[in-house]
Amino acid sequence: MLTLVEKVLFIVAAAASLYLGYLGFRKVYLVIRRGQPDAGDKNIVKRTLEAAWNWIALAPTWRVRFWPDVFHAMIAWGFMFYFLVNFGDVLQGYLPHFAFLGQGVIGTVYRFLADIFSVSVITGMLYFLIRRFIYRSKALTYRSNVFLLPKVAAGGIRRDSLIVGGFILLHVGFRFIGESFALAQAGTTGEIVGFQPFAGLVSLLWRGMTPGALDVARHAAWWIALGLILAFVPYFPYTKHFHLIMSGINFLTRPVRTSLGTLQPINFEDESLEQMGAARVEQLPWKNILDGYACIMCNRCQDVCPAYLTGKELSPSALEVNKRYYLNDHLTMLAAGQPAPDSLIDCCTSVSALWACTACGACVEVCPVGNEPMFDLLYMRRNEVLMESAFPRQLQTAFKGMERNGNPWNLSKRERMAWTKSLEAEGIHIPTVDEKPDFEILWWVGCAAAYDARAQATARAFAKVLTHAGVNFAVLGELEQCTGDSARRAGNEALYYQLASANVEVLNEVKPPRIVVTCPHCYHTLGKEYYQFGGNYNVVHHTQLIAELIADGRLDPLHGSDGKLTYHDPCYLGRMNGIYDAPRSVLQNLDGNFVEMASSRNLSFCCGAGGAQMWKEEEHGSATVYNTRYEQATATGASTIAVACPFCLTMLTDASKQADQGVVVKDIVELIAERIV
């Protein structure tokens, strides 16, 4: 199809485009590789298959925003197919009378699909351009109190979106028009071009054109369609369209964790260690730097962030977008190995936003491209606490308490078993491991159940259930201390290391066959993070154990209804560790009128206590997280809110008291204890 001159010109243009594109891609690669290494994973085959599925099937995308998901799929799948289309078009341009993939069934199907996907991409792109520029969807905006880089605040995302959208429309549009010219030309030359219904309809417009005019038009469309790619390649690494490639790489390189929220430890035995946490962008793990390039700027993480939804300054989306623009603005400098001139707090977020995060994992769960903004914030907290000693003053009491007395309430270790005194009066004895070394289950009581008056009621209820079911259990007593979860989420990794190391030493000496906990944070830390310190334990949540006891016939709670009952999924039980069914199966045995909240299971809204928020005041916003969650619960009409976490119990009980609507908040085990004979 192309003349000799055109062939030479295209080769020269392609070479220049690829060279300039290589320079940009190489800079991005060098910047990403400056990040801290992750733990790695040897199972590359499984990892590759999972990444391919997530990338091709868009598996993480189909969670919220159904219609935008549909139109996005129309574009994404079309563009994936266009890798093949563009390759075929180049070959057909260089080889006279060549039909890519032949003129048989395969070639016919290929040309039919190319026609369908062309219209699919154009339709999807028009939808998103209308959504952003005409309809001006609020889902794509940020509140005025969210920190944005000047370029972002000045409309950088809209400009980038317009450039990318225009490129896609013109590239695919001219390729589609070119095929319509080819179809019209085939009517005069007898060339076989296959069944292309949409291009065939458009070709009817060109019936009056001469063969020569059609040939010129076809050449022009070919050059514009493919020339746009050559012009776009050097710019590609700087655009949001970069996510098309980087999302696949993100899925492939995402660390394999024991839980959604598992953090990598700091090696405090490394004498060369100079930096703890991330102060500047290049000090983040390299996967988190890659996140900025994979970000699609869809704001879905913002839609589910409890801090953002209650008016705080935090937007996980803005964090990633700011990161992308900052990296682009300093790409040459960072690629050359120079330090970033600004701290992450100065270029990506604010101090208030940093400490507003509840570490609930909702942003990680919902991201369609595998980004993890929560981890950026937690690594930044490490720097603030360990390097700068800059953190909310309210956390100081919790830190001192964990360090001196092994609990964030800063109460005496000797009081850890005080909650059992009332049980002794009822004839229920809580044995320690010293008293009963042949125990089958170690009950990790937890700091809340030991020291918090409201959570102690949960502990006493669980003790009654265990005793009633004849479970052979024991507790550590004064040997137990805080797991350190709050310290770790607050950025005090040194304190967490101290607590975890001591706890692992005790547990490894005790060698528990099984551990049961009433706190999801203890469940997560003991079962999913202590392996980093040599502690590998079989840990179950108390709702799981209760479900087992009921299934085995060792528990038979009396049925009865106390009105509508709803259940709040704790973040560290549900979203972090996928335990949704056990609590619900227990509640179903109560024969109550159970109703789900609108935000439940993996999309559950946080109670507001996670990420060490339990020990500090909420950052300023338009509402409190715990009151917002309480309102979501009462919107179901439930008179009882069941929980499975002492932190959730405290937060929702406080909200219930403030609302004074007569709504009861109880741990699931309390509901069971009330119904056992």
inquiry  = Check this for me: does any side-chain nitrogen of one of Lys151 and Asp160 sit under 4.0 Å from a carboxylate oxygen of the other?
reply    = no

query = Regarding Thr310 and Lys312, is there a side-chain donor-to-acceptor distance under 3.5 Å anywhere?
reply = yes

inquiry  = Between Glu372 and Asn288, do the side chains contain a donor N or O and an acceptor N or O under 3.5 Å apart?
reply    = no

request  = Compare every heavy atom of Phe399 with every heavy atom of Ala490, then report the nearest pair and how far apart it is.
outcome  = CB-CZ, 3.8 Å

query = Testing Thr483, Thr525, Asn503 for side chain to side chain donor-acceptor pair (under 3.5 Å) with Tyr530, which one passes?
reply = Asn503

query = For the atom pair CD1 (Ile296) and OG1 (Thr61), what is the distance rounded to the nearest 0.5 Å?
reply = 7.0 Å

request  = Decide yes or no for Ile430 and Trp419: does some side-chain heavy atom of the first lie under 4.5 Å from some side-chain heavy atom of the second?
outcome  = yes

request  = Test side chain to side chain contact (heavy atoms under 4.5 Å, CB included) on Ile546 and Ile672 and set out the steps.
outcome  = CA-CA 9 Å; Ile546 292 170; Ile672 294 294; 4.3 Å; yes

task = Just do the side chain to side chain contact (heavy atoms under 4.5 Å, CB included) check on Tyr531 and Thr258 with the steps written out, would you?
result = CA-CA 9 Å; Tyr531 77 92; Thr258 53; 3.7 Å; yes

key: Closest approach of Ser656 to Val665 (non-hydrogen atoms, all atoms of both residues)   = CB-CG2, 4.0 Å

task = Please name all residues satisfying ring-ring contact (aromatic ring centres under 6.0 Å, His included) with Tyr496, sequence neighbours left out, ordered by chain then number.
result = Phe533

message = For the residue pair Lys400 / Asn405, report whether a side-chain donor-acceptor contact shorter than 3.5 Å exists.
response = no

inquiry  = Quick check on the 6.0 Å ring-centre criterion: do Trp443 and Phe462 meet it?
reply    = yes

query = Looking only at heavy atoms, what is the nearest atom pair of Arg489 and Ala359, with distance?
reply = CD-CB, 4.4 Å

ask   = Quick one: are Met651 and Met614 in side-chain contact, heavy atoms under 4.5 Å?
value = yes

inquiry  = Exactly one of Arg629, Arg575, Gln632 should register a side chain to side chain donor-acceptor pair (under 3.5 Å) with Ser604. Which one does?
reply    = Arg629

ask   = So Asp303 and Lys138, salt bridge (Lys or Arg N to Asp or Glu O under 4.0 Å) or not? Walk me through it.
value = CA-CA 11 Å; Asp303 285 350; Lys138 291 184 178 180; over 6 Å; no

inquiry  = Under a 3.5 Å threshold, yes or no: a donor from one side chain and an acceptor from the other, between Thr650 and Arg454?
reply    = no

task = Considering non-hydrogen atoms only, spot the tightest contact between Tyr567 and Ala642 and give its length.
result = CD1-O, 3.3 Å

ask   = So do the side chains of Thr358 and Cys571 get within less than 4.5 Å of each other, counting heavy atoms only?
value = no

ask   = Is it the case that more than 12 heavy atoms not belonging to Arg404 sit under 6.0 Å from its CZ atom?
value = no

inquiry  = With heavy-atom distances below 4.5 Å as the criterion, would you say the side chains of His72 and Phe128 are in contact?
reply    = yes

task = Kindly indicate whether a cation-pi arrangement holds for Arg143 with Tyr308, taking the cut-offs as under 6.0 Å to the six-membered ring centre and within 45° of the axis.
result = yes

query = Does Arg381 pair with Glu384 as a salt bridge, N-O distance under 4.0 Å?
reply = no

ask   = Is any NZ, NE, NH1 or NH2 atom of the basic residue among Arg460 and Glu670 found under 4.0 Å from an Asp or Glu carboxylate oxygen of the other?
value = no

task = Considering only NZ, NE, NH1 and NH2 on the basic side and carboxylate oxygens on the acidic side, decide whether Arg584 and Asp569 come within less than 4.0 Å.
result = yes

inquiry  = Go through it in stages, so that I can follow the logic: the residues are Lys240 and Val321, the test is side chain to side chain contact (heavy atoms under 4.5 Å, CB included), and I'd like the CA-CA distance, side-chain angles, deciding distance and then a yes or no.
reply    = CA-CA 9 Å; Lys240 65 179 294 183; Val321 171; over 6 Å; no

message = Between Gln658 and Asn627, is the side chain to side chain donor-acceptor pair (under 3.5 Å) condition met? List the steps.
response = CA-CA 9 Å; Gln658 292 175 21; Asn627 276 319; 3.2 Å; yes

note = Value for SG (Cys447) from CG (Asn410), rounded to nearest 0.5 Å, stands at 11.5 Å

remark   = Taken to the nearest 0.5 Å, the spacing of Leu344 CG from Met380 CE works out to 5.0 Å

Basic-acidic side-chain contact under 4.0 Å: Lys413, Glu480 = no

query = For residues 615-650, which residue pairs qualify under ring-ring contact (aromatic ring centres under 6.0 Å, His included), counting only residues two or more places apart or in two chains?
reply = Trp409-Trp615, His521-Phe647

query = Just by distance, do the side chain of Asn322 and the backbone of Ala318 share a donor-acceptor pair under 3.5 Å?
reply = yes

request  = Inspect the contact between Arg324 and Asp291 and indicate whether a charged nitrogen and a carboxylate oxygen are less than 4.0 angstrom apart.
outcome  = no

Check: Ser317/Asn299 side-chain N/O donor and acceptor closer than 3.5 Å = yes

request  = Rounded to the nearest 0.5 Å, what's the gap from CD on Gln302 to CG on Leu319? Could you check?
outcome  = 11.5 Å

query = ring-ring contact (aromatic ring centres under 6.0 Å, His included) with Tyr523: which residues, sequence neighbours excluded?
reply = none

query = Under 3.5 Å, is there a donor-acceptor pair linking the side chains of Thr624 and Glu618?
reply = no

inquiry  = Between Leu671 and Leu587, is there a side-chain heavy-atom distance shorter than 4.5 Å?
reply    = yes

inquiry  = Any heavy-atom pair between the side chains of Leu263 and Glu529 that's under 4.5 Å?
reply    = yes

key: For the student: nearest non-hydrogen atoms of Lys287 and Asn371, plus distance   = NZ-CA, 4.4 Å

task = Inspect the contact between Glu493 and Arg488 and indicate whether a charged nitrogen and a carboxylate oxygen are less than 4.0 angstrom apart.
result = yes

request  = Could you check if a side-chain atom of Glu320 sits within less than 4.5 angstrom of a side-chain atom of Asp376, using non-hydrogen atoms only?
outcome  = yes

query = Does the side chain of Thr518 pick up a donor-acceptor pair with the side chain of His542 at under 3.5 Å?
reply = no

request  = Drop me the distance from Met297's CE to Ser161's OG, to the nearest 0.5 angstrom.
outcome  = 7.0 Å

Side chain to side chain contact (heavy atoms under 4.5 Å, CB included) assessment of Arg136 paired with Arg131 = CA-CA 6 Å; Arg136 294 177 177 267; Arg131 180 171 177 254; over 6 Å; no

CD (Glu617) with more than 12 external heavy atoms under 6.0 Å = no

inquiry  = Taking the side chain as everything from C-beta on, heavy atoms only, tell me whether Val475 gets closer than 4.5 Å to Met417.
reply    = yes

query = Between atom CG of Leu377 and atom OG1 of Thr349, what is the distance when rounded to the nearest 0.5 Å?
reply = 6.0 Å

request  = Examine the side chains of Asn577 and Ser259 and answer whether a donor and an acceptor come within less than 3.5 Å of each other.
outcome  = yes

ask   = Using a distance-only test with no angle check, is there a side-chain donor-acceptor pair under 3.5 angstrom linking Asn250 and Ser247?
value = no

Nearest atoms (heavy-atom pairs only) where Leu499 meets Cys482 = CB-O, 3.7 Å

